[in-house]
Amino acid sequence: MIAAATAAGKTEAAFLPILTLTADRKAAGFSAIYVSPLKALINDQFRRLDELCEAMEIPVVKWHGDASQAEKRKAIAKPSGIALITPESIEAMLTRRPGDAVRLFGSAEFIVVDELHAFLQGPRGLHVASLLKRIDAMARKPARRVGLSATIGDMSQAMGWLRPTDPSNVDLLVAKADSPELRLQIRGYVEPPDLDDPDHAEGASQDAQAPKRIALDAICDHLFENLRGTNNLVFGGSRRTVESAADRLRRRCEKAGVPNEFYPHHGSLSKVLREDLEIRLKDGGLPTTAVCTSTLELGVDIGSVKSVAQIGAPRSLSSLRQRLGRTGRRRGTPSILRVYVREPYVDTKSGLLDQLRPNTIRSVAVVRLLLAEFVEPAGPSAETASTLIHQILSVITERGGIRPKPLFDLLCGPGPFNSIDTAGFAQLLRHLGSSEAR
């Protein structure tokens with residue numbers, strides 16, 4: 001388990017020894033599997049590893065929905081080296097090409113899980129942990145696992161996720177780094193009365209006193225005035241907010257007669273637009289601000305940005321610390337964070353909750369916890385049963401059928417579904433086979 005700040009070199013710390021240990025390997029199959037939560041992160045790591053692997057004559061392949069089909073077919077025909085893959089692509093291989101899955105994954109010596117904190121809770125974390133357990137089951141010898149993260153609140157919890165059968169056998173490497181100076185601003189804006197859509201309602205006037213102007217207009221005014229000429233990230237919280245803010249900022253550039261520097265980035269955009277923006281940020285030749293969802297939160301290497309802005313109160317310390325890690329990377333430069341809070345219009349008829357300004361309260365609370373260096377531990381996942389059903393159906397598809405006892409042994413026990421005992425598992429299977437479920 002390698003825990004270090006963003007851009008501290010976790011990828012190199014993991015892969016330099018892995019490449020050294022597997023350089024002379026002759027056995028078929030991937031020698032190392034790198035699992036990432038994001039396609040963009042895979043693309044970025046591929047750019048970092050490709051030249052090094054080429055010099056060592058070690059094949060490396062990107063494996064996700066946007067990756068080259070020709071490269072995937074080539075890897076299936078002659079699997080070796082390193083696969084950079086998403087959990088969904090592992091699942092697809094297990095269910096659609098189970099024979100090839102054994103050839104590709106069954107002899108891997110290392111599995112690297114990047115941004116491990118993203119998998120510690122929720123259905124995707126349960127899913128990934130189950131996939132790793134299924135890969136272990138098809139292997140002659142379980143692969144060594146390496147977890148990478150910059151923001152983990154409970155190290156013992158992460159070690160238990162990484163190796164559920166023996167957490168005490170996980171070596172923990174923690175790099176301590178001096179925190180840069182933090183410059184922080186929380187700005188609050190009140191919406192006009194009777195506003196139904198805080199993202200898309202657009203006033204015709206640019207006059208600050210015009211009643212049709214909404215909070216997002218004023219926020220974009222401030223962003224335009226303060227971010228132009230530098231590289232920045234603005235996190236919008238939702239795709240609607242991202243698109244609406246990016247469009248407002250683009251129109252402000254047009255009105256001022258200056259080149260546009262503000263571009264949206266989210267999962268629904270084409271990979272060409274996303275990758276072009278990532279390259280432009282990393283290159284640093286042109287001032288660029290990405291208005292994004294969480295797509296640029298995790299470790300995609302876009303270089304250092306001058307500041308990070310957040311539209312809406314942050315919802316977790318882990319997420320905020322990850323985002324803040326993008327700024328203040330160079331020695332002597334501060335981390336700059338701006339939080340823009342939108343609050344509803346309050347009058348004598350407003351409810352108590354609106355009068356308390358909960359978004360402002362949450363922003364202040366998050367900042368205090370940030371300064372106290374707190375990161376929340378992962379909570380229990382409410383989706384355990386539904387994710388287990390998904391994995392039961394996946395294994396049945398992969399194997400063409402399986403009896404209850406080996407199915408329980410494969411999926412349950414130490415790991416993501418350890419809360420399910422044999423009686424609960426039997427009850428779940430009976431329910432799935434009932435006329436009610438059909």
Side-chain angles (χ1 to χ4, degrees), residues 184-256 258-269 273 277 287-297 305-315 319-320 323-324 336-347 350 353-364 366-367:
L184 172 73
Q185 196 174 57
I186 299 178
R187 302 182 64 86
Y189 298 84
V190 177
E191 300 284 11
D194 303 320
L195 180 71
D196 294 326
D197 188 349
D199 287 335
H200 284 275
E202 178 70 44
S205 170
Q206 293 296 314
D207 178 5
Q209 302 302 315
K212 288 188 178 180
R213 274 176 57 91
I214 62 174
L216 195 57
D217 292 318
I219 290 169
C220 288
D221 287 343
H222 192 266
L223 291 171
F224 181 77
E225 291 166 10
N226 288 275
L227 302 192
R228 280 196 66 250
T230 57
N231 282 13
N232 309 275
L233 294 178
V234 177
F235 289 95
S238 71
R239 291 172 185 174
R240 284 167 63 91
T241 303
V242 164
E243 290 285 357
S244 191
D247 184 58
R248 282 170 164 80
L249 290 162
R250 176 188 57 78
R251 284 191 273 116
R252 280 159 177 73
C253 291
E254 289 178 356
K255 186 177 179 181
V258 296
N260 182 36
E261 301 174 9
F262 302 91
Y263 300 91
H265 189 289
H266 56 71
S268 294
L269 291 173
L273 290 174
L277 178 54
T288 305
T289 293
V291 186
C292 54
T293 57
S294 58
T295 48
L296 289 179
E297 175 184 311
V305 298
K306 182 177 180 182
S307 72
V308 168
Q310 168 97 27
I311 301 175
R315 295 198 171 268
S319 176
L320 182 61
R323 295 172 179 187
L324 198 53
I336 301 174
L337 172 65
R338 296 180 176 92
V339 179
Y340 296 90
V341 181
R342 296 184 283 182
E343 294 283 13
Y345 179 82
V346 170
D347 59 19
S350 300
L353 194 60
D354 285 344
Q355 292 183 45
L356 286 174
R357 303 289 191 201
N359 294 326
T360 305
I361 291 172
R362 191 167 78 229
S363 297
V364 173
V366 164
V367 167

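The structure displayed is predicted, hence computed values, not measured ones.
Between the side chains of S244 and D247, no donor-acceptor pair of N or O atoms lies under 3.5 Å.
Without hydrogens or angle criteria, Q310 side chain to L337 main chain gives no donor-acceptor distance under 3.5 Å. Of the possible donor and acceptor atoms, none in the side chain of Q185 sits under 3.5 Å from a partner among the backbone N and O of R338. Remark: the backbone N or O of S350 is paired with a side-chain donor or acceptor of Q355 at under 3.5 angstrom. Side-chain atoms of N359 do not come within 3.5 Å of backbone N or O of E343 as any donor-acceptor pair. Of the possible polar contacts, one joining the R357 side chain to the P344 backbone as a donor-acceptor pair under 3.5 Å is found.
When each of L223, V242, L233, T241 is tested with V291 by the rule side chain to side chain contact (heavy atoms under 4.5 Å, CB included), just one qualifies, namely V242. Put simply, the residue from R213, R187, R228, R251 that forms a salt bridge (Lys or Arg N to Asp or Glu O under 4.0 Å) with D221 is R213. Screening N232, N260, T230 against T289 for a side-chain hydrogen bond (donor to acceptor under 3.5 Å, both in side chains) leaves a single residue, N232.
A distance of 9.0 Å separates CD in E261 from CG in L227, rounded to the nearest 0.5 Å. Summarising the geometry, atom OG belonging to S294 is positioned 10.5 Å from atom NE2 belonging to H265; distances are rounded to the nearest 0.5 Å. Rounding to the nearest 0.5 Å gives a distance of 10.0 Å between CZ of F262 and CZ of R252. With values rounded to the nearest 0.5 angstrom, I311 atom CD1 is found 5.5 Å from L216 atom CG. Atoms OG1 and CZ, on T293 and R240 in that order, are 14.5 Å from each other to the nearest 0.5 Å.
In this structure, the side chains of F224 and K255 stay at 4.5 Å or more apart for every pair of heavy atoms. Side-chain contact check for Y263 versus T288: some heavy-atom pair is nearer than 4.5 Å. Residues P264 and L269 form a side-chain contact, since some pair of their non-hydrogen atoms from C-beta on lies under 4.5 Å apart.
Within the cation-pi definition used here (under 6.0 Å to the ring centroid, within 45° of the axis), R323 qualifies as a partner of F235.
In terms of heavy atoms, P259 sits closest to C253 at O-SG, 3.9 Å. Pairing each heavy atom of V339 with each of P314, the nearest pair is CG1-CD, 4.1 Å.
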